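Below: the structure, in structure tokens.
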Amino acid sequence: MASASSSSKSCCFQCHDSTSTCFRNGWRLRNGERANLCYRCSCVYEDGRFCETFHSNDDGWRDCESCGKLVHCGCVVSFNQYFLLDFGGVICMECSKKNLILARNRRYAREFQTDPINFPDLAKRVQSEPHCWPGGIDSDIQCIPRPNKSVLSPLFEKLLTASDADIRLGRIVIPKKYAETFFPEISEPKGIMMNILDIENKEWKFAFRYWPNCGSRTYVLEGLREFLAVKKLQAGDTATFYRVEPGGHMAIGIRKASVAHQAST
């Protein structure tokens, strides 16, 4: 049995070469094992050229809707090299990543009033660097006007759900990892009162508390009925929380869903 296994592993799955001294794992087979490839075939596979090299005459080739590159669909070797689009067609993995980064950069570029083309991955800068926000009445995302030069450090974003935007409930659920990282520590469910600035430099008083939940906690900001009504918030809008320096105050900015959609198109 051992010799049979050894023999099967010394033969290339693609070219059946058994003389190679170096074999590598390829794609996963139906039985859970990986295809055993000789050095030459494994290099082609790892370079992403396996299908175009060995399956060029097979069926299943389709054009990427973005760049026109041919993608071998329905092949187990290249199943992770493309995505199916909602409206039909396929897009290659490279274009999918580029489109995702570009859409994300456009969103941040609109917030920080800069050109997304100048920053290959602006989102990484936004997450790691503080930013000064200039004012502007024409801005889709206005800044907090301060008498001194304040710096806003972005903390996290919350995509509002239907319950978050429900005026009758008047509260926003804060994800636990963000609540325990960026908000003051609270030891009792009743929590504490917090003063939070909005983009017009108006100070709002909210209650930060938690609900006991099966040995864990669900954190919420309560007392937001007036805030939700004034800002006309709806499900799909995004609330972005910031730290204002100097001073360390917390601020909240709102991006409407329609603005986010325009930024990604």
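Everything quoted here is computed from the prediction, not taken from an experiment.
- Side-chain atoms of Cys38 and Cys15, non-hydrogen and from C-beta on, do get closer than 4.5 Å to each other.
- With sequence neighbours excluded, the residues that form a side chain to side chain contact (heavy atoms under 4.5 Å, CB included) with Lys190 are Glu188.
- Across Leu233 and Ala165, no two heavy atoms sit closer than the pair O-CB, 3.9 Å.
- Applying the 4.5 Å side-chain rule to ILVMFWY residues, one finds Val173, Val220 in the same cluster as Trp211.
- Residues Asn36 and Cys11 have side chains not in contact (no heavy-atom distance under 4.5 Å, counting atoms from C-beta outward).
- The heavy-atom pair separating Gln234 from Lys256 by the smallest distance is N-NZ, 4.2 Å.
- Take Arg243 and apply the side chain to side chain contact (heavy atoms under 4.5 Å, CB included) test, not counting sequence neighbours, and it matches Ser153, Leu155, Phe182, Glu245, Met250.
- Between Phe23 and Tyr39, a ring centre-to-centre spacing not shorter than 6.0 Å is recorded.
- Annotation for Phe54: hydrophobic cluster partners, listed by chain and number, are Phe13, Trp27, Leu29, Leu37, Val44, Tyr45, Phe50, Val76, Val77 (ILVMFWY side-chain heavy atoms under 4.5 Å, direct or chained).
- Donor-acceptor pairing under 3.5 Å is recorded for the side chains of Lys176 and Ser216.
- If you run side-chain contact (heavy atoms from CB on, under 4.5 Å) between Cys92 and each of Asp63, Leu70, Val71, only Val71 comes through.
- Asp166 has no carboxylate O lying under 4.0 Å from a charged side-chain N of Arg171, or vice versa, which leaves the two without a salt bridge.
- For the 3.5 Å distance criterion, the side chains of Trp204 and Asn195 fail to qualify, holding no donor opposite an acceptor.
- Taking both residues in full, the closest heavy atoms of Phe206 and Gly223 are given as CD2-O, 3.6 Å, listed atom of the first, atom of the second, then distance.
- A distance-only check finds no donor-acceptor pair linking the side chain of His249 to the backbone of Tyr242 [under 3.5 Å].
- Pairs passing the side-chain hydrogen bond (donor to acceptor under 3.5 Å, both in side chains) check and including a residue from residues 46-56, sequence neighbours excluded, read Arg24-Glu46, Asp47-Arg49.
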>> Before you tell me yes or no, could you show the steps for Asp58 and Cys75 under side chain to side chain contact (heavy atoms under 4.5 Å, CB included), namely the whole-Å CA-CA distance, both residues' side-chain angles and the distance that decides it to 0.1 Å?
In response: CA-CA 10 Å; Asp58 294 353; Cys75 178; over 6 Å; no

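- Annotation: the span from Asp237 atom CG to Lys231 atom NZ amounts to 12.0 Å, rounded to 0.5 Å.
- Between Tyr210 and Ile186, some side-chain heavy-atom pair lies under the 4.5 Å cut-off.
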> Given Tyr219 and Glu180, is the side chain to side chain contact (heavy atoms under 4.5 Å, CB included) satisfied, shown in steps?
Replying inline: CA-CA 9 Å; Tyr219 292 91; Glu180 296 184 347; 2.8 Å; yes

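- Side-chain heavy atoms closer than 4.5 Å link hydrophobic residues (I, L, V, M, F, W, Y) into clusters, and following such links, even through other members, never connects Leu159 to Phe156.
- For the pair Arg225 and Gly170, the tightest heavy-atom approach, listed with the atom from each and the gap, is CG-CA, 3.7 Å.
- For an aromatic pair to be called close, the ring centres must be under 6.0 Å apart, and Tyr178 with Phe183 fails this.
- When only modelled atom types and interatomic distance are considered, Thr161 and Asp164 share a side-chain donor-acceptor pair under 3.5 Å.
- Side-chain contact between Arg217 and Pro212 is absent, with no heavy atoms from C-beta onward closer than 4.5 Å.
- For Asn57, the CG atom sits in a loose shell: 12 or fewer heavy atoms of surrounding residues, nucleotides or ligands are nearer than 6.0 Å.
- From Asn25, atom CG reaches atom OG of Ser42 across 9.5 Å, with rounding to the nearest 0.5 Å.
- Lys205 NZ to Phe227 CZ: the interatomic distance, rounded to the nearest 0.5 Å, is 15.5 Å.
- Note: the hydrophobic cluster containing Leu224 also contains Ile192 (ILVMFWY, side chain heavy atoms under 4.5 Å, direct or indirect links).
- The side chain to side chain contact (heavy atoms under 4.5 Å, CB included) search around Ala239 returns Leu160, Phe241, Ile252, Ile254, not counting sequence neighbours.
- Classification of Arg209 and Glu222 as a salt-bridged pair holds, one side-chain N sitting under 4.0 Å from a carboxylate O.
- Two residues are said to be in side-chain contact when any heavy atoms from C-beta on lie closer than 4.5 Å; Ile196 and Glu203 fail this criterion.
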